[in-house]
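Here the structure is laid out as structure tokens; the discussion comes afterwards.
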Amino acid sequence: LALSKGRTGEAYFILDDGARPMRNMIAGMAASRGVDLGDKSVPSWLADLVGGVGESVWRAIGLRGEPPLTRFGAMIMSRDVTLNDGKARAELGY
């Protein structure tokens, strides 16, 4: 549907009905690349701290690209979110 009805440069969430934890989505994406994330986790405050320190060190030593963990990445992975497929339903007829 996205190829035939979607607009260039747009992203669409295609979801089953019901809520899905972000952890499950990220674990599924990782698994599709052969990576097992395991069951362990760290507190969100610690992930935020590591992401912030990592960004600062990355910039300070002049490395290019993104650090392995950013504050934004830590925030996305450690908070509950609800994805909405309304755009795909409205624009694509999903």
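Bear in mind the structure is a predicted one, so any value in this text is a computation, not a measurement.
- Residues passing the side chain to side chain contact (heavy atoms under 4.5 Å, CB included) test with A27, sequence neighbours excluded: L37.
- Between P67 and the options T70, L69, L63, a side chain to side chain contact (heavy atoms under 4.5 Å, CB included) holds for only T70.
- Under a 4.5 Å side-chain heavy-atom criterion applied to ILVMFWY residues, the cluster that includes I14 comprises L1, Y12, L92, Y94 as well.
- Applying the salt bridge (charged side-chain N to carboxylate O under 4.0 Å, His left out) rule to E66 yields no partners; only residues at least two apart in sequence or on another chain are considered.
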Side chain to side chain contact (heavy atoms under 4.5 Å, CB included), that's the test. Do E91 and R7 meet it? Break it down for me. CA-CA 9 Å; E91 294 183 15; R7 293 181 289 143; 2.8 Å; yes
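- By the neighbour-count criterion of 12 heavy atoms within 6.0 Å, atom CG of N24 is densely surrounded, having more than that number from other residues, nucleotides or ligands.
- The two atoms that bring A74 and S78 nearest to each other are O-OG, 2.7 Å, heavy atoms only.
- The minimum heavy-atom distance linking R79 with S44 is given by the pair NH1-CB, 4.0 Å.
- For F13 against A88, the heavy-atom pair with the smallest separation is O-CB, 3.5 Å.
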